[in-house]
Amino acid sequence: MTQQVPQQVNSSFSAQLPTLQLAWDSTSLGAFKSCPRLYQYSILLGYTSRHLNVHLAFGLWTHSAREVYDHARAQGKSHDEGVTLAVRKAMELSWDRELRRPWASDDKNKNRWTLIRTLVWFLDQFENDPIQTIILANGKPAVELSFRFHTHYQARATGETYLYCGHLDRVGTLGESNYIVDIKTSKHTIDQGFFAKYTPDNQFTGYTLGAKVALSIPVKGLIVDAAQVAVTFSRFERGLVERTPDQVEEWYNDLGHWLRLAEVYAEKGYWPQNDKACQNYGGCAFQGICSKSPTVRDKWLNASFAKRVWDPLQVRGDI
Ligand code: SF4
């Protein structure tokens, strides 16, 4: 069976071994941990859905609008001014420029109306937020922080050092401790089980390490602002997701094992299926491909998916 290799330039991959990723983030590492074939399709080859992912778009736009609000408040603007700017941002993002009309979502929970409603109610609820955004040494608020750091892991095949990258929405102080603040949206009820599912969690533990190593901000973990988005209401809960130094160290040690495995696959040019992951998270987007005969998959991939470059050195967000 033939295996495709990347055709497009991606700066996070090795020039010496083009199938070997050197700069990793939670999205690429998460895909690899979940299923090597999923990693091959979505990260290495860059296949992505031709259609807007409602849940992804809703989450990203909520993050972006919240960031506008945080910047406005840090610049001394009032709550109302911040909300106005955030709503304007959300309206712009949810405007379909190609079709010159508002985003038409077919999801009754997540659409343009519930996006704006959730945003306004959320900002109103946390107007007097006890979390104080950290002000960095350069005088800017700790909002929209990208990080990258050199790990002490090296590729055996090329001798190159692996990097780990990420993007933090906000870092703030609650009481005596620092936390990364992150928003998650869900149509399900927010209870303790919702927050418990983030321990262990690839993204959050990597963020905790990244804040400490790359940004020199020791954090105890994350504060998750969870928004339940229903048809007729939005409600919010705040939860702590903490990490001990031992937990972070374990994650980092495991990272070395995952990178070693990624190198094995990169050298062989083969990324096996993990067929126990196909039903995760509502079903894998590539199930329609993996269910076909291996000889026709490339044709179906090219016919069914768009392409993009997923480069942790240049992009942010999740797929
Ligand atoms: S359908 Fe299953 S085997 Fe195929 S990429 Fe997705 S998780 Fe992997």
Side-chain angles (χ1 to χ4, degrees), residues 1-8 10 12-14 17-60 106-107 110 162 164-165 184 186-188 197-206 251 254-312 315 317-319:
M1 189 179 83
T2 59
Q3 286 276 321
Q4 289 189 68
V5 293
Q7 305 292 321
Q8 295 159 291
N10 186 332
S12 68
F13 280 73
S14 167
L17 179 57
T19 49
L20 178 65
Q21 185 172 354
L22 296 172
W24 291 76
D25 64 357
S26 66
T27 300
S28 49
L29 182 62
F32 185 75
K33 286 179 174 180
S34 175
C35 169
R37 186 64 53 84
L38 169 64
Y39 167 80
Q40 182 198 8
Y41 287 162
S42 63
I43 305 295
L44 185 72
L45 300 177
Y47 285 109
T48 188
S49 171
R50 293 186 190 279
H51 308 291
L52 183 73
N53 181 313
V54 169
H55 305 290
L56 175 60
F58 197 96
L60 284 176
D106 57 3
D107 188 298
K110 293 184 176 178
Y162 289 106
Y164 195 75
C165 318
K184 297 290 183 193
S186 171
K187 61 183 178 185
H188 301 294
K197 73 183 181 185
Y198 291 109
T199 305
D201 179 78
N202 176 58
Q203 182 188 42
F204 281 11
T205 315
W251 181 90
D254 287 352
L255 175 65
H257 291 276
W258 288 110
L259 294 175
R260 184 69 36 78
L261 189 58
E263 186 176 345
V264 170
Y265 295 153
E267 284 191 294
K268 290 184 184 303
Y270 189 80
W271 293 265
Q273 291 185 332
N274 174 12
D275 53 17
K276 296 300 287 180
C278 307
Q279 302 305 320
N280 289 355
Y281 311 112
C284 176
F286 295 104
Q287 202 171 355
I289 302 299
C290 290
S291 59
K292 292 187 167 45
S293 166
T295 54
V296 300
R297 283 182 196 149
D298 287 356
K299 281 189 183 140
W300 280 97
L301 273 169
N302 289 322
S304 312
F305 289 83
K307 282 252 202 174
R308 55 99 169 90
V309 174
W310 186 264
D311 185 347
V315 300
D318 263 326
I319 51 175

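In each ligand, atom 1 is the first atom listed, and ligand 1 is the first ligand listed. Note: hydrogens, waters and symmetry copies are ignored here, and every other heavy atom, side chains too, is used.
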**Message:** Less than 4.5 Å apart, side chain to side chain, heavy atoms only: is that true for Y265 and F32?
**Reply:** yes

**Prompt:** Is the distance from atom 4 (Fe) of ligand 1 to the nearest N/O/S atom of C284 under 2.8 Å?
**Reply:** no

**Prompt:** Going by the atom numbers of ligand 1, which of them fall below 4.0 Å from some non-hydrogen atom of L38?
**Reply:** 5 (S)

**Prompt:** Do N274 and L38 come close enough that some side-chain heavy atom pair is under 4.5 Å?
**Reply:** no

**Prompt:** Without hydrogens or angle criteria, can the side chains of Q21 and Y39 be said to hold a donor-acceptor pair below 3.5 Å?
**Reply:** yes

**Asked** Hey, which atoms in ligand 1 end up nearer than 4.0 Å to a heavy atom of Q287?
**Response** 1 (S)

**Message:** Can you confirm whether T199 sits close enough to F204 that some side-chain heavy atom of one is under 4.5 Å from a side-chain heavy atom of the other?
**Reply:** no

**Complete:** The atoms of ligand 1 lying under 4.0 Å from a heavy atom of C290, numbered in the order shown, are 1 (S), 3 (S), 4 (Fe), 5 (S)

**Asked** Does ligand 1 have a heavy atom under 4.0 Å from the side chain of C35, from its backbone, from both, or from neither?
**Response** side chain

**Closest approach of any protein heavy atom to atom 2 (Fe) of ligand 1, naming residue and atom** = C278 SG, 2.3 Å

**Request:** Check whether any side-chain heavy atom of R297 sits under 4.5 Å from a side-chain heavy atom of R37, and report yes or no.
**Result:** yes

